[in-house]
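Heads up, the thing below is written out as structure tokens.
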Amino acid sequence: MVQLIVGKKGKGKTKQLLDKVNTEVKTANGNIVYIDKSTKHMFELNNKVRLISATDYPLKNSDEFIGFICGIVSQDHDLASVYLDSFLKVAKLEGEDITDCVEQLEGIGKQYNITFVLSVSMDKEELPEGMQDKIIVAL
């Protein structure tokens with residue numbers, strides 16, 4: 001399953017994402033991964049959440065990003081949730097159509113029973129058709 005937190009830059013998406021992950025970790029039945037463009041929020045995350053700085057890896061496009069996600073999934077059979085802050089930047093999708101990448105994440109989520117929560121710097125009106133039903137927070 002893919003869930004979206006949407007809004008323009010500076011609207012508070014990261015705070016929403018951090019609140020959600022720190023709430024979920026209290027009742028989670030599996031591991032949680034938080035992927036960001038840096039380790040800036042390390043001290044705001046519960047220490048049971050694995051923080052990964054995507055910029056530490058040489059990702060050049062969204063296909064490589066999906067491969068990166070598959071690598072994370074393959075090494076952790078107890079993975080329950082993946083939180084992605086700055087999704088457009090981390091997935092190399094700034095100014096691009098996010099539909100294919102989100103659909104691939106949806107497929108991975110269904111196959112391995114993982115929830116992906118994405119922070120997307122777009123207004124809900126800017127999202128591609130068919131993404132509206134994935135929005136859990138619009139700022």
Side-chain angles (χ1 to χ4, degrees):
M1 172 178 20
V2 173
Q3 300 174 341
L4 303 176
I5 296 175
V6 298
K8 288 287 189 187
K9 185 172 174 62
K11 292 287 186 179
K13 294 178 302 301
T14 297
K15 181 179 179 347
Q16 291 280 334
L17 203 63
L18 289 167
D19 289 348
K20 185 165 174 47
V21 72
N22 285 326
T23 300
E24 182 187 339
V25 78
K26 296 172 188 169
T27 59
N29 289 331
N31 297 327
I32 300 174
V33 170
Y34 188 96
I35 301 172
D36 202 350
K37 63 184 184 286
S38 71
T39 57
K40 177 176 150 183
H41 301 291
M42 178 187 305
F43 300 110
E44 297 170 69
L45 285 170
N46 183 300
N47 65 352
K48 293 179 182 165
V49 177
R50 179 173 173 208
L51 174 62
I52 298 173
S53 174
T55 54
D56 291 348
Y57 302 91
L59 304 175
K60 294 184 199 87
N61 56 49
S62 62
D63 288 336
E64 290 183 2
F65 168 75
I66 291 295
F68 177 69
I69 293 296
C70 288
I72 293 168
V73 170
S74 72
Q75 64 85 36
D76 188 349
H77 296 288
D78 293 324
L79 190 60
S81 301
V82 176
Y83 287 79
L84 288 141
D85 199 3
S86 305
F87 172 68
L88 298 177
K89 186 176 290 289
V90 169
K92 308 299 182 192
L93 287 168
E94 292 175 297
E96 305 285 327
D97 184 359
I98 67 171
T99 307
D100 184 54
C101 190
V102 171
E103 286 173 355
Q104 287 183 65
L105 291 174
E106 188 76 50
I108 293 165
K110 283 180 182 168
Q111 185 173 355
Y112 297 101
N113 197 28
I114 299 168
T115 300
F116 291 93
V117 183
L118 317 178
S119 161
V120 182
S121 293
M122 300 172 115
D123 282 330
K124 65 180 182 177
E125 297 80 23
E126 296 176 285
L127 285 174
E129 217 173 292
M131 298 282 160
Q132 304 296 325
D133 62 328
K134 297 180 186 318
I135 298 173
I136 57 169
V137 178
L139 303 170

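- Annotation for Asp56: atom CG counts as buried by contact number, over 12 foreign heavy atoms lying within 6.0 Å.
- Atoms CG and NE2, on Leu51 and His41 in that order, are 9.0 Å from each other to the nearest 0.5 Å.
- Within a 6.0 Å radius of CG in Asp133, other residues, nucleotides and ligands contribute more than 12 heavy atoms.
- A side-chain N or O of Ser81 and one of Glu24 form a donor-acceptor pair less than 3.5 Å apart.
- Note that OH of Tyr34 is 9.0 Å distant from CG of Asn22, once rounded to the nearest 0.5 Å.
- Counting heavy atoms from C-beta on, the side chains of Val73 and Ile69 come closer than 4.5 Å.
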Side chain to side chain contact (heavy atoms under 4.5 Å, CB included) between Ile98 and Leu118, intermediate numbers included: CA-CA 11 Å; Ile98 67 171; Leu118 317 178; over 6 Å; no
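- Remark: the backbone N or O of Lys60 is paired with a side-chain donor or acceptor of Glu64 at under 3.5 angstrom.
- Atoms CG and OG, from Leu139 and Ser121 in turn, are 10.5 Å apart once rounded to the nearest 0.5 Å.
- Lys13 places no side-chain N or O within 3.5 Å of a backbone atom of Ser119 that could act as its donor or acceptor partner.
- The number of heavy-atom neighbours closer than 6.0 Å to NZ of Lys134, taken from other residues, nucleotides and ligands shown, is above 12.
- From Ile114, atom CD1 reaches atom CD1 of Ile32 across 12.0 Å, with rounding to the nearest 0.5 Å.
- How far CD of Gln104 is from SG of Cys70: 8.0 Å, rounded to the nearest 0.5 Å.
- Under the 4.5 Å side-chain heavy-atom criterion for Ile, Leu, Val, Met, Phe, Trp and Tyr, Ile5 and Val21 are members of the same hydrophobic cluster.
- Among all heavy-atom pairs drawn from Ser62 and Cys101, the shortest one is CB-SG, 4.5 Å.
- Summarising the local packing, NZ of Lys8 is surrounded by more than 12 heavy atoms from other residues, nucleotides or ligands at distances under 6.0 Å.
- Val33 and Phe43 are assigned to two separate hydrophobic clusters, defined by single-linkage of ILVMFWY side chains at heavy-atom distances under 4.5 Å.
- Phe87 has its side chain within reach of Leu105: a pair of non-hydrogen atoms, C-beta onward, lies under 4.5 Å apart.
- Other residues, nucleotides and ligands place no more than 12 heavy atoms under 6.0 Å from the NZ atom of Lys89.
- Contact of the Lys20 side chain with the Ile136 side chain is registered, since non-hydrogen atoms from C-beta on lie closer than 4.5 Å.
- If you run side-chain contact (heavy atoms from CB on, under 4.5 Å) between Leu88 and each of Glu96, Lys9, Glu94, only Glu94 comes through.
- For the pair Asp123 (side chain) and Glu125 (backbone), a donor-acceptor distance under 3.5 Å is absent.
- For the pair Val90 and Asp85, the minimum side-chain heavy-atom distance is 4.5 Å or more.
- Heavy atoms only, all atoms of each residue included: Ile35 and Ala54 are closest at CG2-CB, 3.9 Å.
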Leu79 and Tyr112: CA distance, side-chain angles, deciding distance, side chain to side chain contact (heavy atoms under 4.5 Å, CB included) verdict: CA-CA 8 Å; Leu79 190 60; Tyr112 297 101; over 6 Å; no
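- Taking the side chain as every heavy atom from C-beta outward, Ile108 and Ile66 approach each other to under 4.5 Å.
- Residues Ile52 and Leu45 are members of separate hydrophobic clusters, defined by side-chain heavy-atom contacts under 4.5 angstrom among Ile, Leu, Val, Met, Phe, Trp and Tyr.
- Note on Leu84: it does not cluster hydrophobically with Leu18, by side-chain heavy-atom contacts below 4.5 Å among ILVMFWY residues.
- Hydrophobic clustering of Ile, Leu, Val, Met, Phe, Trp and Tyr side chains at less than 4.5 Å, counting indirect connections, keeps Leu4 apart from Val137.
- Annotation: the span from Thr14 atom OG1 to Lys40 atom NZ amounts to 7.5 Å, rounded to 0.5 Å.
- The shortest side-chain heavy-atom distance between Leu127 and Ile135 falls under the 4.5 Å cut-off.
- Using a 4.5 Å heavy-atom threshold, the side chains of Leu93 and Phe65 count as separate.
- Side-chain atoms of Arg50 and Asn31, non-hydrogen and from C-beta on, never get closer than 4.5 Å to each other.
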